Asks: 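The structure is given below, and queries will be raised subsequently.
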Amino acid sequence: MQVTTSRVTSAVAAVILLAGCGDARLDKLALGVSKDSATALIGATPHRTLSYLTAGKTWEIELYARSDAGATDSIAWRKMSPVVFINGKSVGWGWSWWNRTAKAQSIVMP
């Protein structure tokens, strides 16, 4: 099977585009990390924190301002990176993970 140059170029461009939308600091995280450890790994304090009680579990979403957000008090939701904890331990991060999970748990973001 021969791969054309245009397909390879398109695939590389897609990877670069997706990488630019993410937050490289999240790559340092692992499942089961405590909130304090996540803050230390990311190297910043959360800009905003949300809490929900769903199905007997406490869900906490810590939103970290990305470097492209600038230094301001008012940061758009999508300029922050979510890290999600249940009962104090990390269970997932990033918008794609959180959007799927919030929908499945019927959690509505403000």
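Quantities reported herein were computed from a predicted structural model and do not represent experimental measurements.
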Asks: Do the side chains of Y64 and L29 join up, straight or via other hydrophobic residues, at under 4.5 Å, putting them in one cluster?
Replies: yes
Asks: Determine, using the 4.5 Å side-chain heavy-atom cutoff (strictly less than), whether I86 and L26 are members of one ILVMFWY cluster.
Replies: no
Asks: What about V83 and W77, same hydrophobic cluster or not, with Ile/Leu/Val/Met/Phe/Trp/Tyr joined at side-chain heavy-atom distances under 4.5 Å?
Replies: no
Asks: For the CG atom of L63 and the CD1 atom of I61, what is their distance to the nearest 0.5 Å?
Replies: 7.5 Å
Asks: Is it true that a side-chain atom of S90 and a backbone atom of K35 form a donor plus acceptor pair closer than 3.5 Å?
Replies: no
Asks: How far apart are the closest heavy atoms of V33 and F85, and which atoms are they?
Replies: O-CE2, 3.7 Å
Asks: Please confirm whether the backbone N or O of M80 pairs with a side-chain atom of W95, one donor and one acceptor, at under 3.5 Å?
Replies: yes
Asks: Could you tell me the separation between the CD1 atom of I75 and the CZ atom of R48, rounded to the nearest 0.5 Å?
Replies: 8.0 Å
Asks: Do the non-hydrogen side-chain atoms of W59 and V84 ever get within less than 4.5 Å of each other?
Replies: yes
Asks: Classify the side-chain pair T58/Y52 by whether it contains a donor and acceptor separated by less than 3.5 Å.
Replies: no
Asks: Which pair of heavy atoms, one from G32 and one from K89, lies closest together, and at what distance?
Replies: O-CD, 3.2 Å
Asks: Treat each ILVMFWY residue as a node, draw an edge where side-chain heavy atoms are under 4.5 Å apart, and state whether L41 and L31 are in one component.
Replies: yes
Asks: Can you tell me how far the CG atom of D23 sits from the NZ atom of K79, to the nearest 0.5 Å?
Replies: 12.0 Å
Asks: Once rounded to the nearest 0.5 Å, what's the spacing between atom CD of E60 and atom OG1 of T49?
Replies: 7.5 Å
Asks: Nearest 0.5 Å please: distance from the CH2 atom of W93 over to the CD1 atom of I42.
Replies: 9.5 Å
Asks: Can you name the nearest heavy-atom pair linking A65 to H47, along with the distance?
Replies: N-CB, 4.1 Å
Asks: How many angstroms lie between atom CH2 of W98 and atom NZ of K103, to the nearest 0.5 angstrom?
Replies: 14.0 Å
